[in-house]
Participant: 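Sending over a structure as structure tokens; questions will come in a sec.
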Amino acid sequence: MTDPRSLTVREAARQIAERRLTAEALAAAYLDRIEARETMVGAWQYLDRERALADATPSRRADRCTGSPSRSKT
């Protein structure tokens, strides 16, 4: 399987709609990358991995979601 981070937002949304990719897997791929690079980049003041993954689960999404991870940085 292709690294989900290499997909455009439209491609990711299409794969999620086609059930070839889950929002959880997409979020986890981005979170893994953040974790691997954060000590060098230092971009995040706070990031709650468990909350981000929980937000990506279908039961937590109030409306249609493409699974594109979004968090604010300071």
Participant: Counting C-beta onward and ignoring hydrogens, is there a side-chain heavy-atom pair between Thr22 and Ile16 closer than 4.5 Å?
Facilitator: no
Participant: Indicate the atoms forming the closest heavy-atom contact of Ala56 with Ala23, along with that distance.
Facilitator: O-CB, 3.4 Å
Participant: Side chain to side chain contact (heavy atoms under 4.5 Å, CB included) with Arg33: which residues, sequence neighbours excluded?
Facilitator: Arg5, Arg37
Participant: If the condition is side chain to side chain contact (heavy atoms under 4.5 Å, CB included), which residues does Thr8 pass it with, not counting sequence neighbours?
Facilitator: Arg10, Glu11
Participant: Could you walk me through whether Leu21 and Leu7 pass side chain to side chain contact (heavy atoms under 4.5 Å, CB included), step by step?
Facilitator: CA-CA 11 Å; Leu21 176 66; Leu7 300 172; 3.8 Å; yes
Participant: Could you report the tightest heavy-atom contact between Glu24 and Pro58, atom names first, then the distance?
Facilitator: OE2-CD, 3.1 Å
Participant: Partners of Glu18 by side chain to side chain contact (heavy atoms under 4.5 Å, CB included), sequence neighbours excluded?
Facilitator: Arg14, Arg20
Participant: What residues form a side chain to side chain contact (heavy atoms under 4.5 Å, CB included) with Arg49, not counting sequence neighbours?
Facilitator: Ala28, Leu31, Asp32, Glu35, Leu53
